[in-house]
Every structure is written in structure tokens, then in C-alpha cells.
S.K.: 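One structure follows; several queries about it will come next.
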There are 2 protein chains.
Amino acid sequence: MQQTTTTSFRKLCAEHGIAVTHQRQVLYEVMHGMEGHPSPEEVYAKVKKKVPAISLATVYKNIHLFVESGIFRKMSMHHGSVRVEMNSEAHHHMVCSRCKAITDIGEEELGLAPSRNKLPGGFLVERYSVDVIGLCEKCQQA
Amino acid sequence: MQQTTTTSFRKLCAEHGIAVTHQRQVLYEVMHGMEGHPSPEEVYAKVKKKVPAISLATVYKNIHLFVESGIFRKMSMHHGSVRVEMNSEAHHHMVCSRCKAITDIGEEELGLAPSRNKLPGGFLVERYSVDVIGLCEKCQQA
DNA sequence: TAAAAGATGATAAAAGTTATCCTTCAATAA
DNA sequence: TTATTGAAGGATAACTTTTATCATCTTTTA
């Protein structure tokens, strides 16, 4: 069992061209086993139980590495400072995955059709906030 | 002209039950006139040109106030710490506007139909990231 | 197995945001 | 219009999150 996990993590690292370290493997396994969208601090707390000497910096560095390698994905493109909408029209955003440029796009222009207003778990829809992730024209050319 | 702006800002404040201050008005006008999704620091820099003595704290306090009053809207519900996806299925998020709880929802469950893969400005769509903002069942009852 | 490249850990520093506290201003009522 | 009172502003400390630095240690690979 342990052998299997180790083997598959080695393979994963080989595929993404990153070195296999103990910290990295434990971090990966812990994150993989977590529900929802834990913060780096939450991940750190869990990993520390298995590797008490691990540094928070290592957790951050490897979360970034995993995201950059495509092993995990960032939940949101917006996690820096608070950003406010000044465009009061109903609109969404086109976010360039390379240069991070954000451009507004109107609801109709996007051509998106929200259907239900009650979702699983009884969730009541107020509005949609859509980020279209892709490449802006400039970055397509580059 | 100035009179008109002032008058309408007074009305806006009255509607939202907040006091009219000089800083608040300039901040509102500056933000209203800005393109895109400026950060508090960027707003601060611009406001400072008109009210040099303004404090960064005032800018933050009033951005929050404007958002809480519904005068402006936060661009994203996710701007705290970095969050990572461990759910590798194609999915989106239901975000409770009251308790901020985030629940995953599958693409089909959401019943969303992305249509085009080329958008205005030549933007090339890679994927959609949808946040459904609304009320979870618990918060509907409360 | 040794050298080179890369990763880790400790910690300082930066960035972004909030809290504190005192001063000043705006709303309201006399 | 002015006095009063509660709210808002300004300066700055503190806190949170994240990144940078650098010496040491571990992987990789030749």
C-alpha cells in the first residue's frame, strides 16, 4: 500500500519533472486527502503532524510548485488584494491565464445560460460570477 | 456640474444611511471614474492627489463601507489566502453570500451551457470558473 | 560515489489589512 | 445657528499572509 503510493508519487514527479522529496510526498498525500479548499496554514498544520520539522516556507513553495506543475489547480485567480467592481452592469470576467489581465464581458456577450435557481442542497441562486479562463489575444501570439 | 455630483452623492448616502464626508465623496468619485478593478493602494494613490491628507485606513474603511452598503460590489469572494482545488473533476462553486461556505458543484449539476470558445477581443476560452453566489439552506432559514 | 543542482528550514522582510486611539467633523435638535 | 453627541478621519502599531534570503542538507546524474 505504502509502496504503491510512493511509486505513484515518484511517477507523478517524473512526469512533471520535479524532484521527489519526503516533505513533498507527505504534503501531496495530505492535500490529496483533504476536503474542500484548505488554506496553506491548514495544510501546514496537518503536514506537521507527520513531518514535525517541516517549515511553513516549504509548504508554500510546494503548493506553488504543485500548482505550476499542474498537479493541483488554484481555486481562484483572485487572491491578492481586495478588488471592487465599478462596472454596475451584469457582467463577468475574462482572465488571461498567462498575463492575468482581467477584462469585463457582458452577460449576453458571454452567451451563458443559467438555468435553475435552486441547486443541490437547497442552495438558492442569487447570481453567477463567471471567470472565463483562457488566453488574451496578445498571449496567444506570444 | 459639481453641484449635481454633490447632490447625487448626498442622495446616495441618504439612501444607504451613511454620513456624507468630503473624503467619502472624493473616494466615491475617484473609484467611479476608474477603469477595471483597482486595488485599495491604487485607489489610495489617486485619491491622495485630491485629498493629500487622506489616510490609507480611511480608504480601506470606506471601500468596505461601500461594499457593505451595496454601493459597490466585491469582485470576488476569494481574496484571502491561496486556496487550492483537490477535486479534479470539472466543477464549480456555490458560495454562500452570508456564511461564505463554499461547496463544489459538478458542471452538469450546475446546468450551465458554455457556448462559444472565442470571445470579444479574440480571447480564447480554456475553461470556465463559475461561482454561484446565493444562500445555502441554513442561511435561508435564518 | 562525488559533484552539481536543487530542496529544506529558520527567519527576516514585504505586502496587505485591520485595530487602536486620539482628534476632528457631521448630523441633529434646541 | 450653535451646542452636543456620535460617527469619521488620521497616524500608526499590530497582525496576517506571503515571499525572499541564505546556510545547510538531500537528490539527481554523471
Side-chain angles (χ1 to χ4, degrees), chain A residues 6-7 9-28 30 37-45 47-69 71-72 74-84 100, chain B residues 6-7 9-28 30-31 37-69 71-72 74-84 100:
Chain A
T6 305
T7 305
F9 184 69
R10 295 200 87 88
K11 214 166 89 181
L12 192 68
C13 288
E15 279 166 17
H16 291 91
I18 66 179
V20 179
T21 69
H22 181 226
Q23 290 86 336
R24 213 163 263 178
Q25 168 153 14
V26 173
L27 184 63
Y28 173 80
V30 164
H37 312 88
S39 67
E41 279 287 348
E42 286 165 342
V43 172
Y44 176 56
V47 174
K48 239 184 162 198
K49 288 180 187 163
K50 301 195 175 180
V51 187
I54 201 169
S55 161
L56 179 59
T58 301
V59 172
Y60 269 98
K61 281 184 266 197
N62 283 303
I63 288 177
H64 281 129
L65 183 72
F66 288 157
V67 168
E68 278 155 31
S69 317
I71 293 174
F72 290 133
K74 271 198 287 193
M75 174 178 161
S76 162
M77 308 298 274
H78 328 288
H79 15 59
S81 53
V82 173
R83 302 285 165 151
V84 174
K100 314 299 180 207
Chain B
T6 304
T7 305
F9 184 69
R10 297 199 87 90
K11 214 166 91 179
L12 191 68
C13 287
E15 280 166 18
H16 291 91
I18 66 177
V20 179
T21 69
H22 181 226
Q23 289 87 336
R24 213 163 263 178
Q25 167 152 15
V26 173
L27 184 64
Y28 172 80
V30 164
M31 289 181 76
H37 312 89
S39 67
E41 279 288 348
E42 288 165 342
V43 172
Y44 176 57
K46 268 215 155 184
V47 173
K48 238 184 160 195
K49 288 179 187 166
K50 300 196 175 180
V51 187
I54 201 168
S55 162
L56 179 59
T58 300
V59 171
Y60 270 98
K61 280 184 267 196
N62 283 303
I63 288 177
H64 283 336
L65 182 72
F66 288 157
V67 168
E68 279 154 31
S69 317
I71 293 174
F72 289 133
K74 270 197 289 192
M75 174 179 160
S76 162
M77 308 298 274
H78 328 287
H79 15 58
S81 53
V82 173
R83 302 286 165 150
V84 174
K100 314 299 181 207

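Reminder, nothing fancy here: chain letters follow the sequence lines and each chain counts from 1.
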S.K.: For a quick check of understanding: with a heavy-atom distance under 4.0 Å over all strands, which category does A:Ile54 fall into, base, sugar-phosphate or nothing?
M.R.: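 If one applies the 4.0 Å heavy-atom cut-off, A:Ile54 turns out to touch the sugar-phosphate alone, with no base involved.
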S.K.: What integer distance in Å separates A:Leu27:CG from C:dA7:P?
M.R.: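 Whole-Å distance recorded here is 14 Å.
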S.K.: Mapping B:His64 and A:Val51 onto DNA chain C by nearest heavy atom, which one lands closer to the 5' end?
M.R.: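 It is A:Val51 whose nearest nucleotide is closer to the 5' end.
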S.K.: Is any side-chain heavy atom of A:Val59 less than 4.5 Å from a side-chain heavy atom of A:Glu41?
M.R.: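 No; the side chains remain at least 4.5 Å from each other.
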S.K.: Return the 5'-most residue of the pair B:Glu41, B:Ala19 with respect to DNA chain C, ranking by each residue's nearest nucleotide.
M.R.: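 In this pair, the answer is B:Glu41.
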S.K.: Using only side-chain N and O atoms of B:Tyr60, determine if any of them is under 4.0 Å from OP1 or OP2 of C:dT17.
M.R.: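 B:Tyr60 to C:dT17 OP1/OP2: side-chain N or O found under 4.0 Å.
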S.K.: Side chain of A:Arg83, backbone of B:Met75: donor and acceptor closer than 3.5 Å?
M.R.: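 Answer holds: no.
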S.K.: Grab the CG-P distance between A:Leu56 and C:dA12 for me, whole Å please.
M.R.: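 Taking atom P of C:dA12 as the reference, CG of A:Leu56 is at 15 Å.
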S.K.: Could you tell me whether the phosphate oxygens of D:dA7, OP1 or OP2, come under 4.0 Å of any side-chain nitrogen or oxygen in B:Thr21?
M.R.: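 No.
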S.K.: Provide, to the nearest angstrom, the distance between the CG atom belonging to A:Leu65 and the C1' atom belonging to D:dT19.
M.R.: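 So the CG-C1' distance, A:Leu65 to D:dT19, works out to 15 Å.
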S.K.: More 5' along DNA chain D: B:Val82 or B:Ala53, using each one's nearest nucleotide?
M.R.: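 Its nucleotide being nearer the 5' end, the pick is B:Ala53.
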S.K.: Let me spell it out: for each of B:Asn62 and B:Ala57, pick the nucleotide of DNA chain D with the closest heavy atom. Which residue's pick is nearer the 5' end?
M.R.: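 It is B:Asn62 whose nearest nucleotide is closer to the 5' end.
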S.K.: To the nearest Å, give me how far apart CD1 (B:Ile63) and P (C:dT18) are.
M.R.: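 After rounding, the reported distance stands at 10 Å.
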S.K.: Does the side chain of B:Gln23 get closer than 4.0 angstrom to OP1 or OP2 of C:dC25 through an N or O atom?
M.R.: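 For B:Gln23, the contact criterion (side-chain N or O under 4.0 Å from OP1 or OP2 of C:dC25) is not met.
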S.K.: Less than 4.0 angstrom between a side-chain N/O of A:Arg10 and OP1 or OP2 of D:dT28, yes or no?
M.R.: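 True: A:Arg10 side-chain N/O within range (under 4.0 Å) of D:dT28 OP1/OP2.
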S.K.: How long is the line joining NE2 of B:His22 and C1' of C:dT24, in whole Å?
M.R.: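 Roughly 15 Å, once rounded to whole Å.
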S.K.: Can you tell me whether the side chain of A:Lys61 and the base of C:dG6 have a donor-acceptor pair closer than 3.5 Å?
M.R.: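 Check fails, no donor-acceptor contact within cut-off.
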S.K.: Side chains of B:His16 and B:Glu68, heavy atoms from C-beta outward: is any pair under 4.5 Å?
M.R.: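 B:His16 does not reach B:Glu68 side chain to side chain.
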S.K.: Report the distance from atom NZ of A:Lys48 to atom P of C:dA10, rounded to the nearest whole Å.
M.R.: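 Rounded to the whole Å, the gap is 8 Å.
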S.K.: Taking the six-membered ring for Trp and the single ring otherwise, decide whether the centroids of B:Phe72 and B:Tyr28 are under 6.0 Å apart.
M.R.: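 B:Phe72 vs B:Tyr28: aromatic centres under 6.0 Å.
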S.K.: Does A:Arg24 put a side-chain nitrogen or oxygen below 4.0 Å from OP1 or OP2 of C:dT8?
M.R.: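 Yes.
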S.K.: Tell me the interatomic distance from B:Gln25, atom CD, to D:dG9, atom P, rounded to whole angstroms.
M.R.: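 Going from CD in B:Gln25 over to P in D:dG9 covers 12 Å.
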S.K.: How close or far is atom P of D:dT18 from atom NZ of A:Lys74, stated in whole angstroms?
M.R.: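 From A:Lys74 NZ to D:dT18 P: 11 Å.
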S.K.: Working to the nearest 0.5 Å, report the span between CZ of A:Phe9 and CD1 of A:Ile71.
M.R.: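 If we round to the nearest 0.5 Å, A:Phe9:CZ and A:Ile71:CD1 are 6.5 Å apart.
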